[in-house]
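Following: one structure in structure tokens, then a few remarks.
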Amino acid sequence: MLEIEKERADAEYSIGELASEFDVTPRAIRFSEAEGLLAPRRDGQRRIYTLRDRTRLKLTLRGKRLGLTLSEIRHLIDMYEPGRDERPQLERFLAVLETHKAALERQSEDIEAQLAEIAAFEKRVRKQLGRKRK
């Protein structure tokens with residue numbers, strides 16, 4: 001089992017393999033690289049991604065799905081170092097999640113208010129249209 005884990009730690013991936021695995025475009029992966037989230041090794045023009053890069057890409061995509069900014073994602077990922085105390089990273093992640101959740105709740109309230117206003121206007125307009133038909 002330890003030998004399998006060692007092989008995984010030494011695993012290498014092409015940009016196409018990662019794009020296929022995570023269902024993203026190579027361009028999206030290059031963008032993450034340009035933003036400092038990934039640091040593949042180069043073999044001429046070919047990018048060679050490590051297990052670390054794969055993990056960072058996975059975390060980046062997860063953060064994006066949660067609606068986090070790239071800056072927030074980078075900060076959280078950069079805090080992580082295997083073998084170190086995860087508590088500071090987890091506390092920071094929780095704080096980011098709480099802030100983001102509060103913003104989404106405010107947006108949800110705004111959307112609900114707008115939908116109520118639209119419904120009121122629709123009702124008023126339909127009533128006016130009904131009067132004009134008579």
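Looking only at side-chain heavy atoms (C-beta outward), Lys58 and Arg62 come within less than 4.5 Å of each other. Using a 4.5 Å heavy-atom threshold, the side chains of Leu129 and Val125 count as touching. Between Leu61 and Leu57, some side-chain heavy-atom pair lies under the 4.5 Å cut-off. Proximity of Tyr49 to Ile29: side-chain heavy atoms (C-beta onward) are separated by under 4.5 Å at one or more points. Looking at Pro40 and Glu33, their side chains come closer than 4.5 Å, going by heavy atoms from C-beta outward. In this structure, the side chains of Leu68 and Phe93 come closer than 4.5 Å at one or more pairs of heavy atoms. Between Thr50 and Glu12, every side-chain heavy-atom pair lies at or beyond the 4.5 Å cut-off.
Between Pro26 and Ile15, the shortest heavy-atom contact is O-CD1, 3.5 Å. Residues His100 and Gly67 come closest through the heavy atom pair CE1-O, 3.1 Å. Across every non-hydrogen atom of Thr25 and Ala19, the tightest pair is C-CB, 4.2 Å.
Under the 4.5 Å side-chain contact rule for hydrophobic residues, Leu104 and Val96 do not share a cluster. Transitive grouping of hydrophobic side chains (ILVMFWY, heavy atoms separated by less than 4.5 Å) brings Phe22 and Leu51 into a common cluster.
A salt bridge links Asp78 with Arg56: at least one charged nitrogen is closer than 4.0 Å to a carboxylate oxygen.
The salt bridge (Lys or Arg N to Asp or Glu O under 4.0 Å) check on Glu72 picks up nothing, with sequence neighbours excluded.
Among residue pairs with one or both ends in residues 107-120, none qualify as side-chain hydrogen bond (donor to acceptor under 3.5 Å, both in side chains); sequence neighbours excluded.
Distance check, rounded to the nearest 0.5 Å: CG of Leu38 to CZ of Arg54 gives 12.0 Å.
Within a 6.0 Å radius of CZ in Arg42, more than 12 heavy atoms belonging to other residues, nucleotides or ligands are found.
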